[in-house]
S.K.: 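Here you go, one structure.
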Amino acid sequence: MPYNLVVWEVLKKKYDCDLHVVFWDHKKLSPYQYAGNEFNFYPRSLFETQALMELYTKIDPNMLVVSGRMDASYLVVAKFARARGIPTVMASDKQWSNSVRDWIACVFRKFLYSKYFTHAWVAGDRQRLYARKVGFKADKIVVGVYCCDLQLFRNFYRVGKNLSDVLFVGRIEKTKGIDLLVSALSQLRHEGIFNGHLKLVGNGSFETSLPRHSWITHKNFLDQSELRNEVIGTRIFCLPSRYEPWGVVVHEMAAAGLLICCSSACGAADDFVIHKANGYIFKVGSLEDLTNGLRYLFTLSDSQVGEMQKLSVSLSNKVTPEFSASQLMSIFDQCAE
């Protein structure tokens with residue numbers, strides 16, 4: 001995805017890294033296609049396990065980063081790399097949820113994690129907790145696995161008055177809570193509080209179930225650089241997900257200076273949203289709390305909105321591409337000690 005590229009570019013330019021990227025070209029969740037030639041790309045569909053091992057041996061890397069522990073072939077390569085003594089890093093946005101499945105992972109952590117990985121590169125605090133629970137020591141965990149293109153989205157930022165629209169960007173799926181968002185905004189229209197548009201951007205199986213209202217617009221997946229027109233005139237970015245391990249789009253829209261309304265399931269809210277300071281964090285799955293949050297954000301004065309916008313931009317600076325790259329590269333220093 002585009003947000004991966006900004007970190008890879010720092011790794012290449014600042015640290016002189018030669019990146020080789022095996023990527024899933026099937027079961028993709030978005031139609032994004034990289035058009036550049038700065039990195040070495042290998043479609044996963046062309047490599048069975050043995051071919052993947054041969055590719056690894058040919059490249060002979062100094063570090064292996066695995067994003068996609070569910071791929072059995074990736075684990076075969078990771079186990080081999082770990083046995084050879086190079087840092088093998090699990091890139092993860094998995095939150096600790098205290099579920100039965102999480103506790104099973106704790107019990108079998110030796111077989112699920114430690115035999116494959118020496119370190120974990122995680123998104124934030126909730127993911128750090130999960131990594132600790134499944135056996136990674138504190139000094140073997142680094143953060144910043146996700147970072148948005150800060151410079152691009154900062155260029156979207158405009159302090160504005162009379163902002164009336166709500167924006168959603170993401171997969172159009174039931175788990176994203178779009179049905180809750182439409183119901184909440186319908187109530188606020190009835191109350192005369194919301195008179196703008198709900199702008200939905202993304203693709204997914206829930207597209208055919210979207211309600212047909214004159215105040216709702218839907219566009220298919222847009223590249224980050226194409227989102228500028230959707231940000232213009234928008235007061236609130238809303239991510240009402242029922243399940244959202246992280247949500248890079250929260251970082252992006254904070255950098256663009258929007259007020260953020262998101263569910264408590266969104267991991268990125270920990271870093272980029274302060275409740276009632278630059279947005280509203282509502283109880284996951286609660287239509288009433290979502291409606292209250294949107295009502296609160298729509299009844300603020302222009303000056304209050306302006307202050308919230310500034311705070312959103314400030315919070316977005318907590319994670320930068322340089323920070324993310326330096327976190328990953330710090331693993332080399334750990335291994336050298």
Side-chain angles (χ1 to χ4, degrees), residues 1-11 13-14 30 32 93 122-127 143-161 163 165-171 176 199-202 219 221-241 244-263 266-281 293 297 300 304-328:
M1 292 295 290
Y3 54 77
N4 299 127
L5 301 177
V6 292
V7 177
W8 295 351
E9 287 167 358
V10 175
L11 290 171
K13 294 174 183 177
K14 183 177 179 178
S30 84
Y32 174 77
D93 63 4
V122 302
D125 288 341
R126 302 187 202 186
Q127 290 76 17
V143 296
V145 69
Y146 294 142
C147 180
C148 80
D149 188 336
L150 273 179
Q151 191 58 52
L152 175 66
F153 283 93
R154 282 188 191 128
N155 291 337
F156 290 6
Y157 172 54
R158 298 289 186 276
V159 176
K161 295 182 178 180
L163 302 173
D165 292 340
V166 175
L167 175 63
F168 167 90
V169 179
R171 289 183 295 112
K176 294 292 186 176
K199 299 184 284 190
L200 305 173
V201 178
K219 294 184 178 180
F221 175 88
L222 296 176
D223 187 87
Q224 272 77 350
S225 61
E226 299 173 317
L227 283 174
R228 180 186 301 273
N229 290 335
E230 308 310 315
V231 171
I232 294 172
T234 297
R235 174 187 290 239
I236 301 165
F237 171 74
C238 189
L239 189 62
S241 305
E244 193 72 55
W246 186 247
V248 178
V249 69
V250 172
H251 191 185
E252 292 172 337
M253 295 305 152
L258 300 189
L259 280 56
I260 310 295
C261 182
C262 63
S263 76
C266 299
D270 295 351
D271 281 337
F272 307 116
V273 186
I274 300 177
H275 187 62
K276 291 190 174 182
N278 74 311
Y280 194 99
I281 302 173
L297 295 175
L300 296 168
Q304 288 173 311
V305 170
E307 289 304 311
M308 282 194 168
Q309 288 182 295
K310 293 176 185 177
L311 181 56
S312 282
V313 174
S314 178
L315 289 172
S316 72
N317 294 323
K318 292 176 68 175
V319 180
T320 67
E322 292 75 19
F323 171 82
S324 295
S326 66
Q327 286 282 302
L328 181 64

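Everything quoted here is computed from the prediction, not taken from an experiment.
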S.K.: Please tell me if the side chains of Phe153 and Val231 come closer than 4.5 Å, counting only heavy atoms from C-beta onward.
M.R.: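 Of all side-chain heavy-atom pairs linking Val231 with Phe153, none is under 4.5 Å.
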
S.K.: Taking the side chain as everything from C-beta on, heavy atoms only, tell me whether Val273 gets closer than 4.5 Å to Asn278.
M.R.: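 SC-SC contact between Val273 and Asn278 confirmed.
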
S.K.: Tell me, do Arg235 and Val305 make a side-chain contact under 4.5 Å, heavy atoms counted?
M.R.: yes

S.K.: Can you name the closest pair of heavy atoms from Gly257 and Val313 and give their distance?
M.R.: CA-CG2, 3.7 Å

S.K.: If you look at every heavy atom in Cys261 and Ile236, which pair is closest and at what distance?
M.R.: CB-CG2, 3.9 Å

S.K.: To the closest 0.5 Å, what do you measure between CG (Leu167) and CG (Leu227)?
M.R.: 7.0 Å

S.K.: Over all heavy atoms of both residues, which pair between Gln127 and Asp93 is shortest? Give the atoms and the distance, please.
M.R.: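 Gln127 and Asp93 have their closest heavy atoms at NE2-O, 3.0 Å.
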
S.K.: What are the two closest non-hydrogen atoms of Phe323 and Val319, and how far apart are they?
M.R.: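 Closest approach of Phe323 to Val319: CD2-CG1, 4.0 Å.
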
S.K.: Please round to the nearest 0.5 Å and tell me the distance separating atom CD1 of Ile274 and atom CD1 of Ile260.
M.R.: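 Result: 12.0 Å between the selected atoms.
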
S.K.: Roughly how far, to the nearest 0.5 Å, is the CG atom of Asn155 from the CZ atom of Arg228?
M.R.: 6.0 Å

S.K.: Going through the distances and angles, do Lys176 and Glu244 end up as a salt bridge (charged side-chain N to carboxylate O under 4.0 Å, His left out)?
M.R.: CA-CA 8 Å; Lys176 294 292 186 176; Glu244 193 72 55; 2.7 Å; yes

S.K.: So do the side chains of His251 and Leu150 get within less than 4.5 Å of each other, counting heavy atoms only?
M.R.: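 The answer is yes, as the side chains (C-beta and beyond) meet within the 4.5 Å cut-off.
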
S.K.: Is there a side chain to side chain contact (heavy atoms under 4.5 Å, CB included) between Gln224 and Leu152 once you walk through the steps?
M.R.: CA-CA 8 Å; Gln224 272 77 350; Leu152 175 66; 3.7 Å; yes

S.K.: Atom CD in Gln151, atom OG1 in Thr320: separation rounded to 0.5 Å?
M.R.: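 Reported value, rounded in 0.5 Å steps: 11.5 Å.
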
S.K.: Does any non-hydrogen side-chain atom of Leu259 lie less than 4.5 Å from one of Leu163?
M.R.: no

S.K.: Any donor and acceptor pair, going by atom type alone, linking the side chain of Ser316 with main-chain N or O of Ala254 inside 3.5 Å?
M.R.: no

S.K.: So, for Phe156 and Ala256, which heavy atoms are closest and what is the spacing to 0.1 Å?
M.R.: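 Closest approach of Phe156 to Ala256: CB-CB, 4.0 Å.
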
S.K.: Going from CG on Asp223 to CZ on Phe221, what distance comes out if it is rounded to the nearest 0.5 angstrom?
M.R.: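 If I round to the nearest 0.5 Å, the distance is 6.0 Å.
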
S.K.: Taking the side chain as every heavy atom from C-beta outward, state whether Phe168 and Lys199 have any pair of such atoms under 4.5 Å apart.
M.R.: no

S.K.: Angle class for the Trp246/Tyr146 ring planes (parallel below 30°, perpendicular above 60°, tilted otherwise)?
M.R.: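 Tilted.
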
S.K.: Could you pull out the closest heavy-atom pair between Cys147 and Val6, with the gap in Å?
M.R.: O-CG2, 3.7 Å

S.K.: Measure the shortest side-chain to side-chain distance between Asn317 and Arg154 over non-hydrogen atoms and say whether it is less than 4.5 angstrom.
M.R.: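 With C-beta onward as the side chain, the pair touches.
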
S.K.: To the nearest 0.5 angstrom, please state how far the CD atom of Glu230 sits from the CZ atom of Phe237.
M.R.: 12.5 Å

S.K.: May I ask you to decide if Arg158's main-chain N or O and Gln309's side chain share a donor-acceptor pair within less than 3.5 Å?
M.R.: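 Side chain of Gln309 to backbone of Arg158, a donor-acceptor pair under 3.5 Å: yes, one is there.
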
S.K.: Under a 4.5 Å cut-off applied to non-hydrogen side-chain atoms, are Tyr157 and Lys310 in contact?
M.R.: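 The answer is yes; the side chains approach within 4.5 Å.
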
